Structures are given as structure tokens and as C-alpha cells.
Amino acid sequence: MNESITYSLVENLKNQNIILRDAKDEMMSYVGEYTDNKLSKKIMASRHNDMEDIDLYYNTKLDDILNLDFLGKMKDVKVSSECILKHMENDDKILLLVDFDVDGVTSGALGKLMFNNVLEYDNVEVIVNKKTNGYGINDKLVDEAIELHKSFDFKLIITADHGSNNRDGINRLINSLNIDVIVTDHHLIEPSKSPQNVVGFVNPQRDDCDMSNKISGATVLYFLLTYAFLYKNRNKVIPNDTLNTLYYYLTYVGMTIISDMMDMRNYINRKIVIKALAILNSKRIKHNPFWTTVMHHIGNSYFVDETTLSFNLNPKLNTPGRIKNPRLSYETMVANTEGECEMFFQELDALNDKRKDMQVKAVKAKAELEYKNELLYIGLSKEANNIQGILANKKMFDDKFRAAIIFAPTKDKNIIAGSGRLNDEHANLKEMIDIISKDVNYIINHGGHAGAIGIQIRQDENNLEDLFNRLSKEMDKTDIVKDEIYFVDEIIYSNKKLITSLYDVKECGPYGHNYPKPTFVSDFVIKSFRVFKKPNGTYLSMDVKLSVNSNFSVNAFYTLKAFEQDEILNNLYEGKNIRLIYTIDINTFKDINKTSLNVIKVIIL
Ligand SMILES: [Mn+2]
């Protein structure tokens, strides 16, 4: 393929809003110090904008992280560890108080397992917060802990994944129970609400903390308990078995880095996820009941990767927290036997199916109120309760909105609760709602980040319409455009390139937030195709090849969006060729015949 053809194709792609991801020359040569492969260099150089990240990634070993010196950079980690060890020596009971999302419940399980199997200490109980209680160390959670104290008189509470902004709740625990509290968290801190009177406040968001602030809540707890363990054994030789157990729990930590969407350019996150996946895929390691059950249910015959964890496992662990009791996820992760774990896992599956049914029902149900323009959708639906965020995502995906907020009624009939999503790097949904909330009095509560928010407003149809009008105006001030832009890493013309790219994609993984899976673009001839209609969507499975005469074809899979379905299918029936933007499925890389393309966009040629 000569250069001029490449250039004209690039120009042609630009007209379709497809842009070749660019890597700065200096980054390319910098990455070149570590890898020779051209595509690998490009993938890494275009994702990192900080040379230090690259250096640290290549020059750091896990042992450089899991040691007293490095972990000691975390503010309050030493004083907290000494406190934990003191209570262990006194044989005091310890309570872990954790949040209800995947990061929270996993922290609970991780804490319990590390106390039991690494620190060899059994006097530990866990309370998982419930969504119906509210966020953080709320009144009901404090009541629950005080009630438990009557039968399980703990002397120490360790929080995980929450607590940074719950001064009042924490003070009530300390004052009414006369106990020690250690807060571990990774959320942003509001100084006026940060904990006082605690033994330790371990949060990398602290200004005086030297640890990266891009780590998950479970990572913070893991680092603290690892420090406590290493500190306790600082003058001893640690048996290999115990070290292996310590490493084994990185599988739990890795899962939370993915579920909490932590920055995957960060070298600590990459090192942990890589180790977690290596352990999970090792044939030599005997897995505990939880991971044995997970592998049995969601692992394929080749291996578990970050995509499997994020699309198959995390939703199952998240669902009890949304629609029932998140303690089920915790119990599944700490199950003692495979039989017990299997029973819990089947319950998780059943709940997840129920959640999917609710979703299908809610998507079909007509919204009671809705306001929309080309970019924004705001709707209110009775059926949306507890799945607003999922529905907001689906609305954007199916109907091409750049932002969507879905509301549902709450127990208080004067208040409706919504989840909003925005998919565009040119705007920040949280900041736009911040601005609006200063001018109106109907926004009771809101929080979140650039791409996702939670919001509660006073129920009144005029309020919803007003919110819509104001948010539309805010969006108009940004650079959001209606047409989506697709970034691709490489144009693929040849079968050889299609096959070898699999290995480059694998070499540069794992992928995740801020470090997206490589995408490619090619023009294909369709050999055959099938359409599957399922309750939750319409799927297109195609056999495609790079040229008419080629005898190598590959499966390409696509979820059709509602607005484009008829047009795409009609053109396929007419035998038109297509341009696809896709990622290469690396789950099945060992078996080239099963190589499949996950299609992101179908363009009829
Ligand atoms: Mn978290």
C-alpha cells in the first residue's frame, strides 16, 4: 500500500468523522526505548501524555510497590497499622464498614479475607451500607453499627470506600461507642466535612499524602492492610505461602480498578490489573471458592481478561446494591466452599436477570414526561426506579443523544431522583449542573463527575422542563457537536495485518478508563450475515473479508442502534460493502479461526 493511497483514505475518513489517533513524535521515540513494534509504540504513545507514566510502568516491579517504604508514603498508614496491630494483640473485635458498590463490597470481602488469611486474625465483622440508607456513613448505617455493638463489641472500625465527608456520623460512632476509627477512602475531600478525632485518615486525595490519588477504594484498604502485615513481620522471614496469599488478593483489587473506572494509564493500576489477570489465568494456582465459581460461570476456555470482568462479572456484583441487599455480593466473595459460593452466585445471576427484565420493561414503557432536542434527553418514568443510570446510557446509545438524564419517583412524592450521563469530552455534566443549581431552588441534591451525575429535584413538571432548557443552554456553550467522532489507531488493509494486530493489542493491554482498547478501520466485503432479535436489543453477526477474492473471513459482531437499524439492514440485503470501525476480540486469540471483531460503527459504502 503506497503512502498516497493512505493519505487519501485518511482525508476520506475525516469526512466521516473518523480520525486517526495521533502520537507525538517525542512520545513515539520515548516509547521506542521500550518496544520495537510499530503498532505497539503507536498504541502506547497516543494514550500516554506523561513520560513519567511510561518510565514508571516499565521500570516498576510489584515488589517496588508492596513494601514498607513505598506504602509508607501514604499519610497515616503507619499510625493506622500500629492501631490495628494493637487491637489484634488485645484480641479486640474489629468492624469493617463499607460502601455498597463493587469497590465497597469488594473492600469488605478483601478486608475480611486479608485479616483471616494474611494477618491470621478472625475477630472481624463487616457491615455493608445499603443504597436505601443513603451514601457514606449515614444515620442509618451508624444506627446499625451501634446495634451490632451490643452483640459484637468491636473496639475498632475501619471504613472503606467512604467516610471522607461524614464528620457527623463518624463523631457519633466515636462518642457513643468510645472506639477507635480509621477512615480509608479515595473520594474527594470537602475539608468542612472531613473526619476529626479518628486514629487515621488514609485517603490519597489528602493534600499531605504522597500516594497517587488515582487508586481505588479497595486499593487503599489493601495498601493499609499490606503495610500492617509487613510492619508486623518486619524482622521476620515471611513464608512464601503467605506472600502468595497476599498477592492472590490483588485479584479482588484489580476488579475494583476496573469497576470504579480508575485511570488505566497509571502505572500502579496497570501493574495490579496485570498481576490480577495473570493470577486468574494461571493454570498452576488453585483458586478460592469465589474465583473458581466465577471462572466456571463466566470464564471461557481461554482466559479471563479486563473485558470479561467489566462486562460479565461487575454488573452481577453491582446489582444487589441497586435492587436488593449488597451483602449478597460480599457473601459471594468470601464464601467458604464452592457449594456455598455456587448457591450465592446463582442468586446473583437471578437478581441480574431481574434487573435486565426491569430494564427491558422500562425501555419499552412510555415516559410520563420527556423533553428532548438533538443533543439532550430528559425523561421521567415510573419504571426507571433504581436503574436510571443504565437507562440514561441506553438512551444515549440507542437514540444518539450526547447527554441523557432519567428520573424516577421516590418514596417522597415531592421528590424525583435521576441519573445523568454525558458522553463527550468537550463538556462536564457535573460542572453544568453546578452552575444551574446556583440559579434555581428545585435542585435538592446533586453530585458526580464529568460523565455521570446523580440528582434529586422537587417534583413539578415545570421544574423538569426548566432543567431541560437550562441544561440545553449550558450545552450550547460547549464545543459538543451532534455528530460523533470516532478515533482509530490504524487502518487495516491486509489479512496479515489483521491477524498480527491481535498480538500487538494484547501486548499493550490491559485497557480501561483513559486507556481505550485499540480501534481499527477497514473496508469489508460481506460473505454472509444474520440478525438476532432479543428482548434487550437487535444484534448483527456478519462474516466479512477484506477483498472479494480473499479466502480468509472473520466474524464481526454489532449491536444495532434503534435509529439506524432499518437503513443498515436494507443496505446489507442489497449486498452493499461496508466500512467498519472495530476492536479486535482478544479473548479468543489462541484460535485464529475464532478471531472476531467487535464492531463500534457500521458505514455503508
Ligand atoms: Mn470507590
Side-chain angles (χ1 to χ4, degrees), residues 74-75 77 96-114 126-131 133-138 141 157-166 169-170 182-190 193-195 200-206 209 211-226 249-266 268-270 272-273 276 306 309-310 313-322 326-327 329-330 333 389 419 421 430 447-454 512-514:
M74 211 157 56
K75 184 73 183 167
V77 72
L96 297 169
L97 216 49
V98 302
D99 192 19
F100 55 75
D101 70 358
V102 175
D103 197 12
V105 287
T106 306
S107 297
L110 175 73
K112 172 86 172 156
L113 291 168
M114 283 181 82
V126 176
I127 293 182
V128 183
N129 186 27
K130 294 186 200 73
K131 194 179 178 209
N133 287 350
Y135 291 98
I137 316 292
N138 55 75
L141 189 61
I157 285 180
I158 306 173
T159 78
D161 196 32
H162 61 185
S164 292
N165 301 305
N166 302 112
I170 290 166
I182 296 168
V183 170
T184 80
D185 194 6
H186 70 142
H187 289 98
L188 289 171
I189 302 163
E190 286 180 50
K193 296 181 188 166
S194 64
F201 178 28
V202 190
N203 182 339
Q205 303 288 357
R206 285 179 64 158
C209 184
M211 180 61 68
S212 161
N213 64 359
K214 294 181 174 163
I215 61 180
S216 71
T219 309
V220 177
L221 182 67
Y222 182 85
F223 281 1
L224 168 62
L225 297 180
T226 298
Y249 293 130
L250 286 171
T251 52
Y252 288 73
V253 181
M255 193 165 66
T256 67
I257 292 170
I258 294 164
S259 71
D260 245 35
M261 308 239 310
M262 294 293 107
D263 193 334
M264 277 302 287
R265 290 171 305 190
N266 178 275
I268 298 176
N269 293 336
R270 296 191 70 69
I272 293 176
V273 174
E306 66 273 25
L309 294 179
S310 96
L313 180 58
N314 282 331
K316 289 194 211 299
L317 295 173
N318 223 343
T319 294
R322 285 170 181 278
R327 194 167 178 93
S329 303
Y330 163 78
M333 280 186 270
S419 279
R421 297 288 184 269
K430 163 79 164 47
H449 52 87
I453 55 142
H513 187 58
N514 282 339

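Counting starts at 1 for both ligands and their atoms, following the listed order. Along the sequence shown, residues are numbered consecutively beginning with 1. These numbers were taken from a predicted model, which means no experiment stands behind them.
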Exercise. Roughly how far, to the nearest 0.5 Å, is CG of N133 from CZ of F100?
Worked result: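 Between atom CZ of F100 and atom CG of N133 there are 9.0 Å.
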For this session: Might you work through the side-chain contact (heavy atoms from CB on, under 4.5 Å) test for M262 and T256, ending with a clear yes or no?
Result: CA-CA 8 Å; M262 294 293 107; T256 67; over 6 Å; no
Considering only N, O or S atoms, which atom of [X] is nearest to the Mn ion (ligand 1)?
X    : result
D103 : OD2
D260 : OD2
D161 : OD1

Exercise. Using a distance-only test with no angle check, is there a side-chain donor-acceptor pair under 3.5 angstrom linking S164 and N203?
Worked result: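 Distance-only check passes for S164 and N203.
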For this session: Examine the side chains of N213 and H186 and answer whether a donor and an acceptor come within less than 3.5 Å of each other.
Result: no
For this session: Report yes or no: does H186 have an N/O/S atom closer than 2.8 Å to the Mn ion (ligand 1)?
Result: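 Of the N, O and S atoms in H186, at least one lies under 2.8 Å from the Mn ion (ligand 1), which means yes.
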